[in-house]
Amino acid sequence: SASRLHQLSPSGSLLGKTEAAPIGFLRPLPVCLRRRAVVVPAVQAADRERGLAVRPQVVSLMKYLTARGVSLWIVSAGAEPAARAAMRQFGIDGRLVGVRSFLKNGMFTSELKIPLPIIEGKVECVKKFIDQKNAPLLAAGDSMNDLPLLEMAAIKVVVDRGNGLAALARERGWFVI
């Protein structure tokens, strides 16, 4: 049955037994997600007319993980103050690494702090702010900009936006929600 499936890591080692899948998953996630940090996309730009939206599949994934004691991290290429405000607005609980500006006289400057959580910089941010030695057990993303981050995680989850990343994820057998 689906509740007894096993998921193998890319290296072929057994990650653990699985249980019922969260909404949007066609197959279950490993139970061993407990106590390991994961990186998920929190708020996505829907389009210019509608603004920001939280995808139901991502909310389901975050609830599934937090209910199991997993530490959630959002690594966003957006400005950290804006991402934090969006997280509050949508009731998203997790730690955040976003684009950070230096402050001068209480004002944000145009000078950005390094590393930037953009493309390969997301991997640098994980190593600097989350865990220097261990890759995330699970990472989720929705664009090719997330590919370096996804490739470092044992479990890769892609939010299907009908783009090149979703096609690549299907080709490689990653989770697609």
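Predicted model, so just to flag it, every value in this text is computed and none were measured. One-based numbering along the sequence shown.
- Follow the hydrophobic side-chain contacts under 4.5 Å out from Leu96 and you reach Val59 in the same cluster.
- Heavy atoms only, all atoms of each residue included: Gly94 and Ile74 are closest at CA-CD1, 4.2 Å.
- Two residues are said to be in side-chain contact when any heavy atoms from C-beta on lie closer than 4.5 Å; Pro136 and Ile130 fail this criterion.
- Once rounded to the nearest 0.5 Å, the distance linking CZ of Phe90 with CZ of Arg88 reads 12.5 Å.
- Following chains of ILVMFWY side-chain contacts shorter than 4.5 Å, one can reach Trp174 starting from Met144, so the two form part of one hydrophobic cluster.
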Point to revise | side-chain contact (heavy atoms from CB on, under 4.5 Å) evaluation trace for Leu103 with Phe108 | key: CA-CA 5 Å; Leu103 288 173; Phe108 289 110; 3.4 Å; yes
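- Note: Met62 CE to Ile92 CD1 = 4.0 Å, rounded to the nearest 0.5 Å.
- Scanning both residues, Lys156 and Glu151, for their nearest heavy atoms gives NZ-O, 3.7 Å.
- Taking every heavy atom of both residues into account, Phe129 and Trp73 meet most closely at O-CH2, 3.4 Å.
- Counting all heavy atoms, side chain and backbone alike, Arg161 lies closest to Ser143 at NH1-CB, 4.1 Å.
- Contact of the Leu116 side chain with the Val99 side chain is registered, since non-hydrogen atoms from C-beta on lie closer than 4.5 Å.
- Taking hydrophobic clusters as Ile, Leu, Val, Met, Phe, Trp and Tyr residues chained together by side-chain heavy-atom distances below 4.5 Å, Ile114 does not share a cluster with Val75.
- Taking each heavy atom of Arg100 and Pro115 in turn, the nearest pair found is NH2-O, 3.6 Å.
- When atom types are taken as modelled, the side chain of Asn163 and the backbone of Asp142 share a donor-acceptor pair closer than 3.5 angstrom.
- Arg95 pairs by the side-chain hydrogen bond (donor to acceptor under 3.5 Å, both in side chains) definition with nothing, not counting sequence neighbours.
- Across all their heavy atoms, Ala166 and Gly162 have their closest contact at CB-N, 4.4 Å.
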Practice item. Check step by step if side-chain contact (heavy atoms from CB on, under 4.5 Å) holds for Asp93 and Thr66. Key: CA-CA 9 Å; Asp93 188 28; Thr66 55; 5.8 Å; no
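- Under a hydrophobic-cluster definition in which Ile, Leu, Val, Met, Phe, Trp and Tyr are linked whenever side-chain heavy atoms come within less than 4.5 Å, directly or via other members, Ile119 and Leu112 are assigned to the same cluster.
- Between the CG atom of Leu150 and the CZ atom of Phe175 there is a distance of 13.0 Å, given to the nearest 0.5 Å.
- By the neighbour-count criterion of 12 heavy atoms within 6.0 Å, atom NZ of Lys113 is densely surrounded, having more than that number from other residues, nucleotides or ligands.
- Expressed to the nearest 0.5 Å, how far CZ of Arg84 lies from OG of Ser76 amounts to 10.5 Å.
- Expressed to the nearest 0.5 Å, how far CG of Leu149 lies from CD1 of Ile118 amounts to 13.5 Å.
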Exercise for review: Output, in order, the C-alpha distance, side-chain angles, deciding distance and verdict of side-chain contact (heavy atoms from CB on, under 4.5 Å) for Leu165 and Leu147.
Suggested key: CA-CA 8 Å; Leu165 183 61; Leu147 186 57; 4.1 Å; yes
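- Between the CG atom of Leu137 and the CG atom of Leu65 there is a distance of 9.0 Å, given to the nearest 0.5 Å.
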